[in-house]
Amino acid sequence: MIEIRFHGRGGQGAVVASNILADAAFQEGKSVASFPFFGVERRGAPVTAYTRIDDRPIRIKSSIYKPNYVIVMDQTLLKAVDVLAGLKDDGAILVNTQRKHEEMGIDSRFKLATVNATGIAIKHKLGSREAPIVNSAVLGAFAKVSGLVKIDTLVTAIIAAAPSKKEENALAAKDAYAETVVRQ
Amino acid sequence: MRKVITGNSASAYGAKVSRAEVIAAYPITPQTSIVEKIADFVANKEMDAKFIKVESEHSAMAACISASMAGARTYTATSSHGLLLMHEMLIWASGSRAPVVMSNVNRANGPPWSVWADQHDTMAQRDTGWMQFYCESNQEVLDTIIQAYRVGEQRDIMTPSIIIEDAFVLSHTAEPVDIPDIGVVDKFLPPFDPPSKVIPGEPYGYGSLVMPDLYMDFRYKIAESMDLARDRLRQVDRDFQKHFGRSYGGLVEFYECEGADAVILTAGTAASTAKDVVDKMRREGKKVGVARMRVFRPFPYEEVRKLAKMAGAIGVLDRSYCFGYAGPIACEVMGALYNISDRPPIRSYIAGLGGRDITPEVLERLFDEILAFKGKGSGEEVKWVDLKGLEGL
């Protein structure tokens, strides 16, 4: 079973991202579950969401404490939240940032990947310039880092889920897939 | 059609494929997305139904009862304080023999305020004359709505049902669900055809004063229907298997219980997690099992007695508490076993209140405890699992 934890801020689309990822994996024949940690829902407040992917039916209904992957949709969360909590030693972390890997202080035992999802979302006019909706770009990057779902399947799932700007969201995912930088 | 949907979405689809005709509801976290989705279905004309917005849950249930008595298939959904506010009308529904089907998203009652999973809200409605179904998956949420209409609307049953999903653990968790075609459901679920209907323009009195020489007999008729429903539910679940290829074990689902040294008996999603724990512990040579109480009312006393013969020791895990005694399921299980011989020792465990996570680690520890008191007696009869931070309260 692969377990993924999303860290975002209210309004960035973390919960929707966890659902789209589950849907894409389901389309590829996997068993899936996705769920938010439901705190006090406010725009800008830290939000956590989770996705499980497995080859067998998923029966476990408790939360995820030792994820294989952590996705950080807002780089300010690196200071506000212990995003690495429980991340498996062979796990990977994907961060939406423009910073260089060596400046980020992420332990070298973790695979680290970065993508400028904010820039990509703004380029495709997703959300506003001040509060861009970065989830489709982050998912494209995650497909690249994890190889868990094909980018084409993911794009199909994004198009199915996006209430508007379907094409822009699809392009954001593809751009991010191409632009993600991975530290092995 | 198989889709990845939340428990709340599964509830809305359950009402849709069952052709609910009148939906009256008031929003409350974490139920809101059920009624939002149904409102969408009705607005898009995907559902041929009347959606009635009301000013409270009490009114929602009053509207459902009235519509049901007029011959409409009715549905509503609520949670926690909404359900508590409905209490009076719940008793009115069962007394009116209105087979309303309602989803309740199990949420803790305040204060202190909480929006997370806890079964105290529905356990507090135990004596309202409603059938209660506790689900462990989104598929079961959808399927049980169909089953509840099929049983509840039978002329000798005419009893309302609550379909229960743990808050967030099902309500906001998306997982694969097969949404059956409405045509397939039509073959399983006939239209609602009550023996009498309120007809506008034909005045008639319902629910009015009855003298002491008859009231008790009306109550007996409800009790009789509930008793009949027990076997009807078992049959309908088997029938469901034939039509849809899925079934849920009738009233109680037994997982690796036969000859088990230790069994956890519980309701809701903790049972699903516990199945994974059972598989792990069985691989390690420990004979453990899970019994999932799917139907709490009518109470499955025959299944509970069967379990007592299968298991060496039982821990009843309640996600709620009956103040002044023990876990509500535990109270009833112990009562059901009093009149049989060779009872296994039982302990009442209280866990997961207010959304505290019931993890595989917690369940494994409980299994080990139950294994340890097998053959000895449970000693501590009620145990609250992992209390913390009591200082200062």
Side-chain angles (χ1 to χ4, degrees), chain A residues 1 3-6 10 13-42 47-67 85-86 135 139 149 153-154 156-158 160-161 163, chain B residues 2-9 29-30 32-33 40 105 107 113-117 135-140 165-178 255 266 268-280 290 292 319 351-352 355-364:
Chain A
M1 177 149 40
E3 298 184 315
I4 302 127
R5 186 173 67 216
F6 292 79
V15 176
V16 172
S18 70
N19 290 336
I20 291 174
L21 177 60
D23 190 36
F26 172 71
Q27 298 303 336
E28 293 186 359
K30 304 286 188 186
S31 288
V32 297
S34 59
F35 52 100
F37 177 79
F38 200 88
V40 184
E41 287 180 309
R42 286 162 300 162
V47 168
T48 314
Y50 305 87
T51 303
R52 284 194 167 100
I53 301 173
D54 202 358
D55 293 321
R56 299 188 306 167
I58 296 169
R59 294 185 297 194
I60 184 167
K61 300 291 186 191
S62 75
S63 192
I64 289 171
Y65 300 97
K66 292 174 183 166
N135 55 2
L139 282 171
V149 288
T153 321
L154 184 71
T156 306
I158 288 172
Chain B
R2 267 172 76 77
K3 277 176 80 169
V4 181
I5 58 171
T6 62
N8 278 356
S9 193
T29 300
T32 309
S33 49
D40 277 348
V105 184
R107 163 187 155 183
W113 205 235
S114 167
V115 295
W116 292 281
C135 301
E136 69 162 3
S137 70
N138 295 349
Q139 185 72 61
E140 189 182 12
E165 30 170 330
D166 284 332
F168 302 104
V169 187
L170 290 183
S171 69
H172 287 64
T173 296
E175 53 183 30
V177 173
D178 180 49
Y255 187 81
T266 189
T269 52
S272 184
T273 305
K275 289 175 186 171
D276 269 2
V277 178
V278 165
D279 287 357
K280 172 182 181 284
V290 180
R292 182 170 72 87
R319 202 165 196 157
R356 189 176 293 182
D357 204 3
I358 301 178
T359 63
E361 293 73 24
V362 167
L363 292 164
E364 185 167 351

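Just so it is clear: chains get the letters A, B, ... in the order the sequence lines come, proteins before strands, and each one is counted from 1.
- Interface residue B:T29: only side-chain heavy atoms are found under 4.5 Å from chain A.
- A:E28 and A:T153 form a side-chain donor-acceptor contact under 3.5 Å, judged by distance and modelled atom types alone.
- Between the side chains of B:D166 and B:T269, at least one donor N or O sits under 3.5 Å from an acceptor N or O.
- In this structure, the salt bridge (Lys or Arg N to Asp or Glu O under 4.0 Å) partners of B:K280, at least two apart in sequence or on a different chain, are B:E284, B:E364.
- Comment: B:R292 engages B:E136 in a salt bridge, judged by a side-chain N to carboxylate O separation of less than 4.0 angstrom.
- Within residues 49-60 of chain A, the residues approaching chain B closer than 4.5 Å by heavy atoms are, in numerical order, A:R59, A:I60.
- For A:D23, the parts sitting under 4.5 Å from any heavy atom of chain B are the backbone and the side chain alike.
- For B:E175, the salt bridge (Lys or Arg N to Asp or Glu O under 4.0 Å) partners at least two apart in sequence or on another chain are A:K61.
- Once rounded to the nearest 0.5 Å, the distance linking OG1 of B:T266 with CG of B:L363 reads 8.0 Å.
- In this structure, the side chain to side chain contact (heavy atoms under 4.5 Å, CB included) partners of B:Q139, at least two apart in sequence or on a different chain, are B:S137, B:D143, B:V177, B:D178, B:R246, B:Y248.
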